[in-house]
Amino acid sequence: MKRLEGMKYEKGWITQLDCVKTCTDFLGIPLSRPWLFGGTGFAFIMNMEDHGEPGGFQSFNTEMIRNLGNNLGYTIDGVTGLRSDGDFPHKQLAAWENTKRAINAGYPCYGYNLGIPEYYVVNGYDEGGYYFVGIGTDDWQWKVSSASAKLLGSGIANAEVRQLARSLGVEFSENVIVHTNGGVFELLDDIGNSLTVAGEAYLPWDRLATVHIGLLEMFWIEPGVTSSDRETVRDALSFALEFAQSPQKWVYDGYKAGMDAYDNFIRGFAQDRHQGFGLSINAEAWAECRGMAGPFLREAQERIGGSLSGRLLKTAAIYDAIHEQLRDVRDLFPFHGRKPEDMREKDRVTRAVELLERAKELEREGLRELEWLAGEL
């Protein structure tokens with residue numbers, strides 16, 4: 001067995017960036033959380049499924065976001081593929097061999113869906129599989145007995161699990177679905193409740209990408225060179241502006257970015273068929289992203305200064321205001337502790353729509369400022 005010790009995982013909503021931050025911290029690369037979110041463009045993008053379903057904050061081509069990391073002092077490399085690929089077994093094996101080689105060299109790794117459908121840091125391996133940390137692995141009070149874990153592995157939520165859920169404020173209906181992979185269990189019922197329960201956080205290497213949508217992504221991170229601050233900010237803003245136009249190379253069919261993403265968001269709240277799962281998790285994720293935009297631009301002002309200082313601070317204030325609107329939407333429909341009946345409360349829904357409309361208009365203004373800044377940089 002080989003483990004990289006001393007990693008401190010900081011949990012947020014954008015788990016790919018949580019993994020990158022954990023790995024860069026481990027490698028001693030000086031990188032603030034706002035500089036990471038802003039430098040990869042994530043602080044400024046918006047992506048929503050056409051019917052308000054979950055996944056908008058994950059379901060797009062993230063290749064450029066990894067590439068933009070080359071400006072920030074780290075390099076990401078790895079293996080990607082799909083379970084439907086003809087050479088899928090070879091990609092699974094390549095991911096396994098690359099991960100072992102990287103960890104032996106002291107480089108941390110991260111991949112998709114080792115537990116639930118999120119990104120996880122891979123911090124070790126033994127002769128049969130991956131050890132990892134992330135959502136569902138670090139909350140001791142969410143762990144269950146080995147007997148209950150065995151039942152969960154068979155798709156059964158027993159009395160112990162239901163009691164645990166109640167202690168955490170989740171009252172499951174009779175119909176509970178259990179998703180499991182790598183010893184982490186995600187429980188969802190038919191009225192919109194969900195809970196992640198920790199297991200052993202270990203995945204046999206040949207089970208990687210064999211569940212959920214069958215997406216194989218396994219990367220390792222090494223220290224790299226750092227670009228100039230002007231280049232870092234320019235490239236990030238240019239990418240955000242391009243992404244906002246929903247180009248096919250970044251945005252998948254059935255999703256929209258930029259202003260159209262706001263329209264999808266608003267339409268989702270205006271429809272009465274939602275239980276809140278997808279809308280609330282997107283509200284959490286996009287509020288987190290916009291919460292990084294203002295601090296990133298202020299850090300850019302401190303780093304670059306000069307004639308751009310005033311415009312950077314002006315744009316930071318716009319994105320602070322966008323964050324306030326999205327934060328208030330999140331507070332109306334939080335992911336944890338959400339109630340399906342909230343989606344039927346007309347005043348609450350009306351308030352969310354008003355906030356999103358205001359955020360959309362501010363976003364339009366913000367994108368104009370980003371375009372000016374990118375041109376000057």
Side-chain angles (χ1 to χ4, degrees), residues 11-16 18 46-60 112-113 115-119 134-136 139 142 152 155 157 161-162 164-166 168-181 184-198 211-213 215 252 254-256 261-290 326-353 355-356 359:
K11 182 164 53 179
W13 292 98
I14 310 300
T15 55
Q16 182 166 189
D18 295 339
M46 172 77 76
N47 184 56
M48 284 293 292
E49 197 268 341
D50 287 345
H51 300 99
E53 299 297 333
F57 62 100
Q58 284 186 333
S59 299
F60 56 91
Y112 182 71
N113 203 180
I116 66 172
E118 294 285 354
Y119 289 91
I135 291 179
D139 297 287
W142 289 14
L152 285 171
V161 172
R162 289 178 179 277
L164 171 64
R166 289 189 196 99
L168 296 168
V170 178
E171 186 69 43
F172 281 121
S173 72
E174 288 300 313
N175 301 311
V176 177
I177 298 172
V178 181
H179 295 158
T180 182
N181 198 40
V184 176
F185 306 97
E186 183 180 35
L187 287 70
L188 305 101
D189 69 8
D190 56 358
I191 61 172
N193 290 313
S194 66
L195 181 69
T196 302
V197 180
V211 298
H212 190 48
I213 60 175
L215 174 63
Y252 299 150
Y255 292 81
K256 294 292 189 301
Y262 273 98
D263 289 339
N264 280 354
F265 213 165
I266 291 165
R267 190 180 307 114
F269 276 106
Q271 296 170 345
D272 61 5
R273 62 182 179 81
H274 286 280
Q275 295 176 335
F277 183 96
L279 294 171
S280 62
I281 198 169
N282 274 284
E284 296 275 12
W286 296 124
E288 178 179 61
C289 288
R290 288 305 181 278
L326 295 180
R327 181 198 61 202
D328 288 349
V329 174
R330 176 204 65 195
D331 291 345
L332 286 169
F333 296 93
F335 184 73
H336 295 300
R338 68 190 180 282
K339 300 174 183 177
E341 57 266 29
D342 288 347
M343 292 301 301
R344 297 187 291 275
E345 189 178 319
K346 290 186 177 180
D347 289 346
R348 187 185 295 262
V349 171
T350 297
R351 177 60 178 152
V353 169
L355 290 164
L356 287 171

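All of these numbers come straight from a predicted model, not from anything done at the bench.
- The two residues Tyr262 and Ala359 have their closest heavy-atom pair at CE2-CB, 3.7 Å.
- Between Val329 and Leu356, the closest side-chain pair of non-hydrogen atoms falls below 4.5 Å.
- The local environment of CD1 in Ile213 is crowded, with over 12 non-hydrogen atoms from other residues, nucleotides or ligands closer than 6.0 Å.
- Residues Asp189 and Asn175 bring no donor and acceptor atom of their side chains to less than 3.5 Å of each other.
- The aromatic rings of Phe335 and Trp13 stand perpendicular to each other, their planes meeting at an angle above 60°, with 30° marking the opposite boundary.
- One N or O on the side chain of Arg162 and one on the backbone of Ser173 form a donor-acceptor pair closer than 3.5 Å.
- With Leu355 as the fixed residue, the side chain to side chain contact (heavy atoms under 4.5 Å, CB included) test singles out one of Leu332, Ile266, Leu326: Leu332.
- For Phe57, there are no ring pair (Phe, Tyr, Trp, His ring centres under 6.0 Å) partners two or more places apart in sequence or in a different chain.
- A heavy-atom distance below 4.5 Å is found between the side chains of Asn113 and Val211.
- Nearest heavy-atom pair, Ala352 versus Phe333, reported as atom, atom and distance to 0.1 Å: CB-CE1, 3.7 Å.
- The distance from atom CG of Asp18 to atom NZ of Lys11, rounded to the nearest 0.5 Å, is 9.5 Å.
- Checked by atom type and distance alone, the side chain of Asp263 never pairs as donor or acceptor with a backbone atom of Phe265 at under 3.5 Å.
- Using a distance-only test at 3.5 Å, with no hydrogens or angles considered, a donor-acceptor pair links the side chain of Asn47 to the main chain of Ser59.
- Looking at heavy atoms from C-beta onward, Tyr255 lies out of side-chain contact with Asn264 at the 4.5 angstrom threshold.
- Between Pro117 and Tyr112, the closest heavy-atom pair is CB-OH, 3.3 Å.
- Between Asp328 and Arg351, the closest heavy-atom pair is OD2-NH2, 4.4 Å.
- A donor atom on one side chain and an acceptor atom on the other are not found under 3.5 Å apart for Gln16 and Gln58.
- Lys256 has a carboxylate O that lies under 4.0 Å from a charged side-chain N of Asp50, or vice versa, which qualifies the two as a salt bridge.
- A distance-only check finds no donor-acceptor pair linking the side chain of Glu345 to the backbone of Asp347 [under 3.5 Å].
- Rounding to the nearest 0.5 angstrom, the gap separating the NE2 atom in His336 from the OG atom in Ser280 is 9.0 Å.
- The minimum heavy-atom distance between Met343 and Val349, with the atom names listed, is O-CG2, 3.5 Å.
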Tell me, with the steps shown, if Ile177 and Leu187 meet side-chain contact (heavy atoms from CB on, under 4.5 Å). CA-CA 6 Å; Ile177 298 172; Leu187 287 70; over 6 Å; no
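- Heavy-atom minimum distance, Pro334 versus Glu284: CA-OE2, 3.6 Å.
- Side-chain contact between Arg290 and Arg327 is absent, with no heavy-atom pair separated by less than 4.5 Å.
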Would Phe277 and Leu188 satisfy side-chain contact (heavy atoms from CB on, under 4.5 Å), going step by step from the backbone distance to the final call? CA-CA 10 Å; Phe277 183 96; Leu188 305 101; 3.7 Å; yes
